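All remarks here apply to the structure that follows.
Please read all numbers here as calculations on a predicted model, not as lab measurements.
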Amino acid sequence: MTGPESEETHVRRAVCPGSFDPITNGHLDIIARASRLYDVVHVTVMINKAKQGLFSIDERIDLIRRATAEYANVEVESFHGLLVDFCKQRDIPAIVKGLRAVSDFDYELQMAQMNNGLSGVETLFIPTSPTYSFLSSSLVKEVAAWGGDVSHLVPPFVLEELTARLGAK
């Protein structure tokens, strides 16, 4: 085929949503794997006004941008509202979620079915690497707050920020 039709390309987009308070190596594993599957991966900090995070939304975005700088196809932003509205606004047909355990699946399946029912957006589940199967931002913050070593669980600059923030409390 020649002409304009042959030059049209369909950009495959997906979103990796979360609170990322802070971003962990487990998050980065899922983002890296999604970046190999999709042309553009939107890493989106979902804003929940009812939750007070350790890091502000802007700080989280900065940490994620630094952590994902090697992936040219990753875009980082925040959103307040329904994830499916974010997807509709940006023509994103897929949500990528990491699954750590069977307990994650129960909740995530309900969310995937609701999101699909609301908008037709599909959810792709990626099993987390066994190295990070126990890892969550909450656990990292708790261990770090008690002086535990989390250096192998977050990027070095996240560890610096985490240590500084928890030391100030």
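When hydrophobic clusters are built by joining Ile, Leu, Val, Met, Phe, Trp and Tyr residues whose side-chain heavy atoms come closer than 4.5 Å, directly or via intermediates, Phe79 is grouped together with Ile95. Hydrophobic clustering (side-chain heavy atoms under 4.5 Å, transitive across Ile, Leu, Val, Met, Phe, Trp, Tyr) keeps Phe134 apart from Leu99. In the hydrophobic clustering of this structure, Leu83 does not group with Val40; members are Ile, Leu, Val, Met, Phe, Trp, Tyr whose side-chain heavy atoms approach within less than 4.5 Å, directly or through other members. Residues Val41 and Leu63 share a hydrophobic cluster, clusters being chains of Ile/Leu/Val/Met/Phe/Trp/Tyr side chains in contact below 4.5 Å. One hydrophobic cluster holds both Ile92 and Met46 under the rule that ILVMFWY side chains link at heavy-atom gaps under 4.5 Å.
A distance of 5.5 Å separates CD1 in Ile126 from CG in Leu37, rounded to the nearest 0.5 Å. Here the CD1 atom belonging to Ile23 is positioned 11.5 Å from the CD1 atom belonging to Ile61, to the nearest 0.5 angstrom. A distance of 11.0 Å separates OG in Ser19 from CG in Leu54, rounded to the nearest 0.5 Å. To the nearest 0.5 angstrom, Leu162 atom CG is 9.5 Å from Ser137 atom OG. One distance of note links CD1 of Ile57 with CG of Asp62; it measures 13.0 Å at 0.5 Å rounding. Between the CZ atom of Arg36 and the OH atom of Tyr71 there is a distance of 7.0 Å, given to the nearest 0.5 Å.
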Residues Ile30, Arg33; criterion side chain to side chain contact (heavy atoms under 4.5 Å, CB included); working and verdict
CA-CA 5 Å; Ile30 298 299; Arg33 291 159 67 191; 4.1 Å; yes
With salt bridge (Lys or Arg N to Asp or Glu O under 4.0 Å) as the test, would you mind laying out the steps for Arg100 and Glu108 before giving the verdict?
CA-CA 11 Å; Arg100 294 173 292 196; Glu108 294 297 347; over 6 Å; no
I'd like to know whether Ile64 forms a side chain to side chain contact (heavy atoms under 4.5 Å, CB included) with Val45, so could you lay out the CA-CA distance, the side-chain angles of the two residues, the decisive distance to 0.1 Å, and finally the verdict.
CA-CA 9 Å; Ile64 297 165; Val45 178; 3.5 Å; yes
Side chain to side chain contact (heavy atoms under 4.5 Å, CB included) evaluation trace for Lys49 with His80:
CA-CA 9 Å; Lys49 299 273 188 209; His80 182 263; 3.6 Å; yes
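When all heavy atoms of Tyr38 and Ala94 are compared, the closest pair comes out as OH-CB, 3.7 Å. The two residues Ser78 and Thr44 make their nearest non-hydrogen contact at C-CG2, 4.2 Å. Of all the heavy atoms in Val15 and Cys87, the pair that sits closest is CG1-SG, 3.8 Å. Considering all non-hydrogen atoms of both residues, Pro127 and Phe125 come closest at CD-O, 3.9 Å. Taking all atoms of both residues into account, the shortest heavy-atom contact from Asp91 to Pro93 is O-CD, 3.5 Å. Considering every non-hydrogen atom in both Ser133 and Thr128, the closest pair reads CA-CG2, 3.5 Å.
Taking a 6.0 Å sphere around CD of Gln52, one finds it holds 12 or fewer heavy atoms contributed by other residues, nucleotides or ligands. Taking a 6.0 Å sphere around OH of Tyr107, one finds it holds 12 or fewer heavy atoms contributed by other residues, nucleotides or ligands.
Residues Val140 and Thr24 form a side-chain contact, since some pair of their non-hydrogen atoms from C-beta on lies under 4.5 Å apart. Side-chain contact between Phe86 and His42 is present, with heavy atoms from C-beta onward closer than 4.5 Å. Contact annotation: the side chain of Ser136 never approaches that of Lys141 to less than 4.5 Å [non-hydrogen atoms, C-beta and beyond]. Residues Pro155 and Asn25 form a side-chain contact, since some pair of their non-hydrogen atoms from C-beta on lies under 4.5 Å apart.
No donor-acceptor distance shorter than 3.5 angstrom exists from the side chain of Glu142 to the backbone of Leu139, with no hydrogens or angles considered. A donor-acceptor pair is defined here as one N or O able to donate and one able to accept, closer than 3.5 Å; such a pair exists between the side chain of Asn115 and the backbone of Met111. Using a distance-only test at 3.5 Å, with no hydrogens or angles considered, no donor-acceptor pair links the side chain of Arg60 to the main chain of Asp21.
Between Asp58 and Ser56, the side chains place no donor N or O within less than 3.5 Å of an acceptor N or O (distance only, hydrogens not considered).
The side chain to side chain donor-acceptor pair (under 3.5 Å) with Asp39 is formed by just one residue from the set Arg12, Arg13, His10; it is Arg12.
Electrostatic pairing of Glu75 and Arg65 does not count as a salt bridge here, judged by no charged N lying under 4.0 Å from a carboxylate O.
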